[in-house]
Amino acid sequence: MTDDAGPTVDTDGSRSRAEESDPAIEARGLTYTYPDGTVAVSDLDVTVRAGERLALLGPNGAGKSTLLQLLGGVLDPDAGTRRYFGVDVSPDDVRDRLSVLTQDPSDYLFNPTVREDLEYGPAQLDVPAAEADARVACLAERLGLADLLDRPPFRLSGGQQRRAALASALTVEPDVLCLDEPVSNVDAANRATVLDLLAGLHADGTTLVVSTPDTELVPAVADRVLLLATDGTVAATGPTREILTDRPLLERCNLAPPRVVELFDEVGADDVPLTLVEAVARLNETDVQF
Ligand SMILES: Nc1ncnc2c1ncn2[C@@H]1O[C@H](COP(=O)(O)OP(=O)(O)O)[C@@H](O)[C@H]1O
Ligand SMILES: [Mg+2]
């Protein structure tokens with residue numbers, strides 16, 4: 001199975017700026033079988049372009065979390081190859097550039113306090129203490145964790161733990177961030193905070209890979225989608241708009257499009273908005289009276 005990642009050469013055709021034009025991750029033939037014999041990922045090819053926002057979208061059990069962990073180096077494949085930043089290196093060799101947030105916050109929260117959890121990553125990478133402190137303070141502020149830093153992480157709520165785990169994945173200031181369902185269990189206000197933070201990271205050049213079964217979330221986190229079918233094969237890859245407006249394709253994957261897509265599609269609109277904000281703008285352009 002192959003995704004549709006095109007060439008990543010610069011617009012003038014040169015590859016002189018190798019660092020920027022090389023894909024962030026190139027995975028070929030990835031295969032992973034759990035110890036009980038469940039084949040979760042089978043012969044998948046994925047290219048993550050530098051600086052892009054890619055969603056791994058698919059129904060429950062399609063293999064998104066397994067694939068994300070293979071891409072992020074949390075799991076090692078039984079077969080297949082992974083290259084990072086254009087070089088044949090193991091994920092461990094790029095730990096300072098690649099961060100993963102799995103679905104289980106306890107993978108990141110194992111110290112007596114949240115502060116120590118957040119300091120752990122920078123300490124592993126020998127980041128000077130003053131710099132690490134500044135990063136922790138800044139992320140705690142941005143993610144609403146400032147009052148929780150001296151608390152034991154296991155005493156936090158599920159949503160607080162997810163935000164603390166996200167902060168810990170960010171303290172190493174990665175170039176590539178792989179996130180598994182980053183806002184599941186997170187309330188509306190904090191969801192907006194997390195999405196704002198991700199938008200800011202993307203604007204600053206961070207490459208994002210987000211796994212989710214939620215088509216409503218995709219427009220906020222991805223410009224391109226790799227859509228997995230129920231059997232774990234790649235059903236399609238393409239720009240977010242193309243995938244999210246293809247109802248038959250989504251239905252074949254046990255998914256529904258975002259509600260606004262469904263609404264505008266039902267009333268026969270040509271140019272279907274993907275989000276509520278786009279829908280409001282579209283309605284304001286028309287003479288519809290309520
Ligand atoms: N630890 C595990 N042991 C055995 N099977 C697993 C384990 N984790 C996931 N699976 C199975 O692997 C397949 C893919 O799971 P997963 O990657 O979690 O999918 P998704 O994230 O798309 O819901 C599913 O059939 C799931 O039941
Ligand atoms: Mg999952």
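Computation of the quantities below employed the complete heavy-atom set of this structure, encompassing side-chain atoms and omitting hydrogens, waters and symmetry-equivalent molecules. All residue numbers refer to positions in the sequence shown, counting from 1. For ligands, and for the atoms within them, numbers begin at 1 and follow the listed sequence. What you see is a predicted model; the values in this text were computed from it and never measured.
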*Ignoring hydrogens and angles, tell me if any N or O in the side chain of Glu216 forms a donor-acceptor pair with the backbone of Arg259 under 3.5 Å.*
yes
*Hey, does the side chain of Arg163 reach the backbone of Leu143 with a donor-acceptor pair shorter than 3.5 angstrom?*
yes
_Within the 4.0 Å heavy-atom shell around Pro59, which atoms of ligand 1 are there?_
22 (O)
*Using only heavy-atom distances, determine whether the side chains of Thr212 and Asp214 contain a donor-acceptor pair under 3.5 Å.*
no
N or O contact, [X] vs ligand 1, cut-off under 3.5 Å:
X	result
Asn60	no
Leu67	no
Ala40	no

_Phe85 six-ring centre to Arg97 NZ/CZ under 6.0 Å and within 45° of normal_ = yes
With a sphere of 6.0 Å drawn around [atom1] of [X], does it hold more than 12 non-hydrogen atoms of other residues, nucleotides or ligands?
X	atom1	result
Glu141	CD	no
Leu125	CG	yes
Asp92	CG	yes

What is the nearest protein non-hydrogen atom to [atom], stated with its residue, atom name and distance?
atom	value
atom 9 (C) of ligand 1	Tyr34 CE1, 3.5 Å
atom 19 (O) of ligand 1	Gly63 N, 3.1 Å
atom 25 (O) of ligand 1	Thr38 CG2, 3.8 Å
atom 18 (O) of ligand 1	Ser65 CB, 3.8 Å
atom 24 (C) of ligand 1	Gly61 O, 3.7 Å
atom 15 (O) of ligand 1	Thr66 OG1, 4.0 Å

*Do any of the N, O or S atoms of Ser65 sit under 2.8 Å from the Mg ion (ligand 2)?*
yes
*asked:* Any salt bridge linking Asp150 with Arg115? Criterion: basic side-chain nitrogen under 4.0 Å from a carboxylate oxygen.
replied: yes
*asked:* Less than 4.0 Å from atom 21 (O) of ligand 1, is there any heavy atom belonging to the protein?
replied: yes
